[in-house]
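First the structure, in the form of structure tokens, and then the observations on it.
A, B, ... follow the sequence lines: proteins, then strands. Residue 1 opens every chain. Atom set for the values below is all heavy atoms of this structure, side chains included, hydrogens, waters and symmetry mates excluded.
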Amino acid sequence: MTDKEVILKIKSGEINYFEFLIKKYFHLLYQYLFLKIKNKEECEDLLQEIFFNFYKNLKQFDENKPVKPYLFKIAINQLRMFYRKRKKFIPLNKDIVDEKDGFVIFSFFDEEKKIFEKLSKKEQKVFHLLKNGYKIKEIAKKLKIKENTVKSIIRRGRIKLKIKS
Amino acid sequence: MKNLEKKIFKKIYFWEARRLTVDFFLKIIVFLSSFLFFFILGEILFELLKEQRSFDLLSFFQEDFEVVKKYFFDNFFIFWLEIPKFLLVFLFLSLGIFLTIILLVIKNLTIYKNKIKNIYRWFLKQK
């Protein structure tokens, strides 16, 4: 059975035919992922996501096109997401409280604290709120300043910290 | 590999079952509401036309063919002027939605049938 026939079958609702595609491309994708990650469990998790995403997008997939490049494109995207998730996470360590206003300015590692010392107090407050998931509108409301001012503070702070995005 | 394959299929079948249920549920709701809307609007329109005695215009069809031929467009135009357009638009809109749902279900009937059959078989296999 060709890939085209299998995809047409799946598109007509016969989900069990997806087994053919899994069997055909499993080892190829597994080898590729293992070469990149070198961890069996994580490879399997990614493989699950790749095949699941492929199934979810099968409706839009043109059966006349080859399956392999499409699967590898999904695999590359999944790998990118995987690497993004694996970025270093800095745990909370030390709290420095601004006694005047009574709210926390820092909850960072010393290294991060040093970086943030480049900022002014107002900028530190805005960045701290940003880090805690506040939106620009909410920050403006909390600090009783205009939204545009918050945006300017963020922009200025980013330049100081040399953050691109 | 067998174990992983099972996991992938479990994920797919659960997702498909959930999607199918939501799809059916939405289609039934839209189907019923458009039917109800069509029925209510039709009833209102009918009552309005009855009140306006617009249906009297249709009685000229009982006349001779020559008379019907001569006055057909005049009568039709008057009848058209008397119909509340706003209601008519909504009536056709609800009819359109109603028919679209029916056509969509008929068009995808085999897909639904196959999917339900496959999901049912898979769930039986799991027990």
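Crowding of B:Phe123 atom CZ: a count of heavy atoms from other residues, nucleotides or ligands under 6.0 Å exceeding 12. Enclosure of atom CZ in B:Phe24 by more than 12 non-hydrogen atoms of other residues, nucleotides or ligands within 6.0 angstrom is indicated. Environment of OH in B:Tyr112: crowded, with over 12 heavy atoms of neighbouring residues, nucleotides or ligands closer than 6.0 Å. Remark: B:Phe37 CZ is loosely packed, at most 12 non-hydrogen atoms of other residues, nucleotides or ligands lying under 6.0 Å away. The number of heavy atoms from other shown groups lying within 6.0 Å of OH (A:Tyr70) is above 12. Residue-environment remark: CH2 (B:Trp15) exceeds the threshold of 12 foreign heavy atoms within 6.0 Å. Other residues, nucleotides and ligands place more than 12 heavy atoms under 6.0 Å from the CD atom of B:Gln126. At most 12 heavy atoms of other shown residues, nucleotides or ligands fall within 6.0 angstrom of atom NZ in B:Lys107.
Criterion: ILVMFWY side-chain heavy atoms under 4.5 Å apart, direct or through other members. Under it, B:Leu26 and B:Phe35 are not part of a common hydrophobic cluster.
Against chain B, the residues from residues 54-64 of chain A that qualify, each with a non-hydrogen atom under 4.5 angstrom away, are A:Tyr55, A:Lys56 in number order. Residues of residues 4-20 of chain A lying within less than 4.5 angstrom of chain B, judged on heavy atoms, are A:Lys11, A:Ser12, A:Gly13, A:Glu14, A:Ile15, A:Asn16, A:Phe18, A:Glu19 in numerical order.
Only the side chain of B:Tyr13 comes within contact range of chain A, with heavy atoms under 4.5 Å apart. Proximity to chain A (any heavy atom under 4.5 Å) is restricted, for B:Asn118, to the side chain, taken from C-beta onward.
With sequence neighbours excluded, no residue forms a ring pair (Phe, Tyr, Trp, His ring centres under 6.0 Å) with A:Tyr25. Remark: B:Lys11 pairs with A:Glu49 by the salt bridge (Lys or Arg N to Asp or Glu O under 4.0 Å) rule, at least two apart or across chains.
Of the inter-residue distances, the one linking A:Leu47 atom CG with B:Ile8 atom CD1 reads 6.5 Å to the nearest 0.5 angstrom.
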